[in-house]
Amino acid sequence: MALRVLVIIPAYNEQECIVDVVRRVVDSGYDYVVINDGSTDRTSEICHDAKINVLDLPQNLGIGGAVQAGHKYAQRYGYDVDVQFDGDGQHDEGYIISLVQAVESGADLAIGSRFMGKGEGFKSTRLRRVGISWLTFVIKCLTGKTVTDPTSGFRACSRRAIELYSSNYPLDYPEPESVALAVKCGLRVQDVPVIMHERQSGSSSIRGLRSAYYMVKVTLAIAITCITRKGLSKVRA
Amino acid sequence: MTPIFRIVLIFGALLTLMYFLRKIRKCELEIDDSVFWIVFAFLLVVIAIFPGTITFFSSLLGIESPANFIFLLVIGVLLIREFSLTIQISRLKSKLRAFVQEEALDHGEDT
């Protein structure tokens, strides 16, 4: 009984590499949908010209809103598993299968981690790694669960996670908060080792001084999530 | 600052905190939007427990009562918040207007 898998490709102004990213996913044999997050460049035209399956959001919602739209798409069309795969070329399509297998074996949220074992590949700048270690620590303190790469957008969700995230997904920098949310709602979260590449094009949405503000805000948001979800009943399977 | 004032401050801050956590639990408020108020309430509690800094700054500014300085601070913070919200609402209105018009134009093409 094969599970139906959907690869969600959120994209904001990725006109240079979106076609290449989609081709890599298609060559790996998966259904996909590109979520065009109100791009102001030619991402949308390029997708339509290449007959790519794209959902054009009329306004920019940010990565949180775009990914949530992808979860809603997966839910609407009855997919069993959805995989978030960034449209900037950082994720490696060869690892989609590992994430899907983790979900098949019972995980609700399988997170592709750059920091398990001694894999090669791009592991981000030192500053970012400090931030990531901090978030790992915060999540461990507040939920008891160790997640080695909480900012990783390369992740697979089971039906339970899709259902949770379709109605409940953080908007600003959602990756760490959504992990804490999943743990607090009783979902099974698992790390899977992957390799990531450097950005092919475009620019990161987290930059310089904003990083400090982001760290404080995300830490607070995770704390609030954990406090307010303490008594929440488990998500229906 | 009298001890009673400080207790009232702590009490008010904790009530604010509880109110917002309740709203979040009932999914009537997004966590990202509540961060400001959580920090605000927390700072009021800190001020009430450690009135030292307040006394220092109020005498520096020539304000007679530290309690008055707290009022000034809170009013200042609320005004800044008000400005920020006005800007956010303005942007939301533009976005909504653009979205409504595009939607109407798109449906016009279909029919």
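The structure presented is a predicted model; accordingly, all values stated were derived computationally and were not measured. Labels below follow one simple rule: chain letters A, B, ... track the order of the sequence lines, proteins then strands, and each chain is numbered from 1.
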Practice item. Just give me the residue among B:Glu102, B:Lys95, B:Glu30 that pairs up with chain A most often, heavy atom to heavy atom, under 4.5 Å. Key: B:Lys95
Review point. Quick one: CD1 on A:Ile52 to SG on A:Cys47, what's the gap to the nearest 0.5 Å?
Key: 4.5 Å
Exercise for review: Can you tell which part of B:Ile38 gets under 4.5 Å to a heavy atom of chain A, answering side chain, backbone, both or neither?
Suggested key: side chain
**Study point:** Distance-only donor-acceptor check, side chains A:Asn53 and A:Tyr73, under 3.5 Å
**Key:** yes
Practice item. Measure the acute angle between the ring planes of A:His91 and A:Phe85, then classify it against the limits of 30° and 60° as parallel, tilted or perpendicular. Key: perpendicular
Check your understanding: Distance only, no hydrogens: is a donor on one side chain within 3.5 Å (strictly under) of an acceptor on the other, for A:Asn13 and A:Thr43?
Key -> no
Check your understanding: Relative to chain B, which segment of A:Leu220 carries a heavy atom at a distance below 4.5 Å: side chain, backbone, both, or neither?
Key -> side chain
